[in-house]
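What follows is a set of notes on a single structure, which appears directly below.
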Amino acid sequence: MGPRPVLTVEGLGVRIGGRTIVDEVSFGVHREHTVGIVGESGSGKSMTVLAATGLLDAPGARVSGSSMLSGGSGDPVQLVGAPPRVLRRVHGARVGFVFQDPGTSLNPLLTLERQITESLETHRRMTRREATARALELLEAVGLPDPQMRLHAYPHQLSGGQRQRVMIAIALACEPELLIADEPTTALDVTTQSQIIELVRDLQRDFGTAVVWISHDLGVIGQVADDVTVLRDGTTVEQAPILQVFDHPRDQYTRDLLAARPALDVSGPPPAPDAEPLLTVDGLDVRFAVSTPVGRSTVHAVRDVSFEIRRGTTLGLVGESGSGKSTVAAALTGLVRPDAGSATLVGSDVLGTKGSAAKSLRRRIGLVFQDPFSSLNPRGQVQTSIAEPLTVHKLVHGAQARRARVAELLDLVGLPASFAQRYPHELSGGQRQRVSIARALAAEPDLLILDEATASLDVSVQARVLDLLAGLQRDLGLTYLFIGHDLAVIRQVSHDVLVMRDGAVVEYRPAGELFAEPEQEYTRALLAAVPPTRPRAAA
């Protein structure tokens with residue numbers, strides 16, 4: 001008889017009101033092993049783990065089944081139905097948590113030192129000096145640069161990847177038996193995602209921690225998990241070792257998730273016919289003045305960037321966070337004023353035009369943002385959001401014509417006309433992004449800029465949105481500037497690719513050439529960070 005699992009979940013169910021959210025889910029995770037829980041948004045992944053660890057706090061929620069924590073540092077604890085005093089003793093000490101967005105998980109008013117030492121003083125009864133020394137050790141262990149100086153930093157002074165490293169340090173401060181990682185890399189660059197995956201694996205080996213890793217991406221799960229539980233609508237559709245799931249998936253839903261993964265070995269878009277440049281950018285340069293503890297400083301966000309986009313094609317603009325990608329988009333759409341350079345859209349000066357001419361020019365460049373929920377007015381119906389450009393640019397006259405055009409745009413992005421009366425919170429993430437695309441197309445732009453437009457979506461939803469964009473380009477002859485950090489997605493959509501790092505152009509070539517033989521080490525590093533099609537266990 002083998003060792004007991006660190007966490008054993010049996011027949012777990014969650015009901016809220018009269019609706020079943022999680023239905024008879026069971027799994028177990030052993031020391032030094034990782035269980036991956038995968039599925040689309042709304043599949044019940046996070047709800048399952050919150051209920052299993054006693055963190056579920058939804059009004060009217062009823063949790064049934066069993067979730068037993070059994071480890072070497074304490075007596076077995078039944079987490080389902082445990083009183084708050086027991087959960088306070090367990091959380092942080094025996095169970096650590098790393099959530100998707102470290103920006104909202106960390107307290108913006110406390111230094112990193114205080115946020116790490118808090119659990120050490122509470123659970124380990126350390127003195128302030130002992131806890132501070134341990135906090136420094138943890139920041140060094142998770143690879144945070146200048147850990148001594150960072151102890152006194154606040155979360156807003158760190159990048160997204162650095163904040164996630166701090167979250168991992170906090171989660172592992174008391175050497176818990178179990179680590180819950182809920183979409184911990186979804187909002188990160190592929191390079192940072194790869195580093196976080198390796199970090200968790202190294203720390204798991206050093207501490208012997210059991211890990212439950214939640215994700216919508218089977219590509220990520222393939223790199224971290226030993227066993228996989230696939231959820232759909234709160235029900236387990238497949239449960240098997242990772243290699244079995246990849247090589248012999250039993251359920252069609254699992255096969256669909258595997259097929260939706262972006263991969264480098266897929267072919268790009270069909271070759272575009274030779275066409276004149278639609279947009280020409282030359283020597284674009286952007287600097288920002290920022291305040292620092294030692295006075296004013298200047299950030300050189302974009303350095304002498306030049307490129308062109310041919311009509312009817314897609315230029316993929318790729319790089320890590322902070323590379324200057326979004327600043328390029330902001331300069332082209334008038335959101336920031338560049339310090340130097342020029343941009344021409346079919347003979348029109350993009351950067352220097354002012355007054356009514358600038359308003360007319362802005363109509364010719366559409367923009368789709370990363371987060372469709374925050375970019376849509378939560379108090380306005382879908383028809384209001386889509387109709388706004390029609391009203392601003394006086395493209396239609398009269399309420400009836402406006403409603404008809406909104407219906408046409410919804411149909412264009414594959415949504416029924418009835419969605420016009422819905423509010424953003426009534427839509428899924430993919431549906432909200434389709435609405436954002438419809439709004440951007442309302443002004444009939446010459447160029448559509450998509451700034452990380454699929455980064456926050458499930459891989460299956462992302463695949464459908466990418467298919468939609470390809471169809472629109474084919475049918476309407478649209479021209480895209482597609483900004484992203486994932487070279488697998490960039491490969492799928494781009495005719496040409498421009499790679500940026502620290503505000504400068506690293507590599508700019510036709511997509512086929514770049515992916516076949518990347519010239520620069522940085523490009524090769526980005527390619528190497530993309531999760532491979534085979535799971536790590538197959539290596």
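What you see is a predicted model, and the numbers here were worked out from it, not measured in a lab. Basis for what follows: all heavy atoms, side chains included, without hydrogens, waters or symmetry-related copies.
In this view, Q204 and T34, V211 satisfy the side-chain contact (heavy atoms from CB on, under 4.5 Å) rule, not counting sequence neighbours. When the side-chain contact (heavy atoms from CB on, under 4.5 Å) test is applied to E32, no partner is found at least two apart in sequence or on another chain. Every residue meeting the side-chain hydrogen bond (donor to acceptor under 3.5 Å, both in side chains) condition with E452, not counting sequence neighbours, appears here in chain and number order: H485. Under the side-chain hydrogen bond (donor to acceptor under 3.5 Å, both in side chains) criterion, S119 pairs with no residue at all, not counting sequence neighbours. Applying the ring pair (Phe, Tyr, Trp, His ring centres under 6.0 Å) rule to F97 yields the partners H91, F99; only residues at least two apart in sequence or on another chain are considered. Judged as a side-chain contact (heavy atoms from CB on, under 4.5 Å), and not counting sequence neighbours, the contacts of T127 are R129, E130. By the salt bridge (charged side-chain N to carboxylate O under 4.0 Å, His left out) test, R464 is found to be paired with E40, residues two or more places apart in sequence or in another chain being considered. Under the side-chain contact (heavy atoms from CB on, under 4.5 Å) criterion, A463 pairs with A260, sequence neighbours left out.
Separating the CG atom in L79 from the OG atom in S67 is a distance of 4.5 Å, to the nearest 0.5 Å. Here the straight-line distance linking atom CG of L448 with atom CG of L367 works out to 8.0 Å at 0.5 Å rounding. Rounding to the nearest 0.5 angstrom, the gap separating the OG atom in S494 from the CG atom in L481 is 9.5 Å. Separating the CD atom in Q164 from the CG atom in L199 is a distance of 10.0 Å, to the nearest 0.5 Å.
Just one residue in the list V95, V29, V49, V35 forms a side-chain contact (heavy atoms from CB on, under 4.5 Å) with L7, and that residue is V29. Checked options L315, D496, V281; the residue passing with I309 is L315 (criterion: side-chain contact (heavy atoms from CB on, under 4.5 Å)).
A salt bridge does not link E177 to R31: none of the charged nitrogens lies less than 4.0 Å from a carboxylate oxygen. Ion pairing of E198 with R536 is present here, as a side-chain N (NZ or NE/NH1/NH2) and a carboxylate O approach within less than 4.0 Å. A salt bridge does not link R501 to E507: none of the charged nitrogens lies less than 4.0 Å from a carboxylate oxygen. Ionic pairing of E175 and R94 is not present here: no N-O contact between side-chain nitrogen and carboxylate oxygen is shorter than 4.0 angstrom.
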| field | Trace of the side-chain hydrogen bond (donor to acceptor under 3.5 Å, both in side chains) decision for Y154 with Q115 | value | CA-CA 10 Å; Y154 291 87; Q115 298 193 57; over 6 Å; no
| task | Apply side chain to side chain contact (heavy atoms under 4.5 Å, CB included) to the pair L469 and I437, showing each step before the final yes or no. | result | CA-CA 9 Å; L469 292 171; I437 294 170; 3.8 Å; yes
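Side chain of R124 to main chain of C174: a donor-acceptor pair is present (N/O by atom type, distance under 3.5 Å, no hydrogens or angles).
Shown here for P147 and L144, the closest heavy-atom pair between the two residues is CD-O, 3.4 Å.
Legend: ring pair (Phe, Tyr, Trp, His ring centres under 6.0 Å) pairs involving residues 196-227, not counting sequence neighbours: none detected. Annotation: salt bridge (charged side-chain N to carboxylate O under 4.0 Å, His left out) contacts involving residues 199-217, sequence neighbours excluded, comprise D202-R205. Among pairs with a residue in residues 159-172, none fulfils salt bridge (charged side-chain N to carboxylate O under 4.0 Å, His left out), at least two apart in sequence or across chains.
Inter-residue side-chain proximity for F515 and V497 is flagged as met; some heavy-atom pair is nearer than 4.5 Å. Side-chain contact check for F246 versus T533: every heavy-atom pair is 4.5 Å or farther apart.
Side chains of T454 and Q433: no donor on one and acceptor on the other come within 3.5 Å. For the residue pair R114/T117, the side-chain donor-acceptor check at 3.5 Å is satisfied. Between the side chains of H300 and D502, no donor N or O sits under 3.5 Å from an acceptor N or O.
Between Y423 and H425, the angle of the ring planes stays under 30°, which puts this pair in the parallel group of the 30/60° scheme.
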Would you be so kind as to tabulate the donor-acceptor pairs closer than 3.5 Å made by side chains of residues 82-89, with sequence neighbours excluded?
none

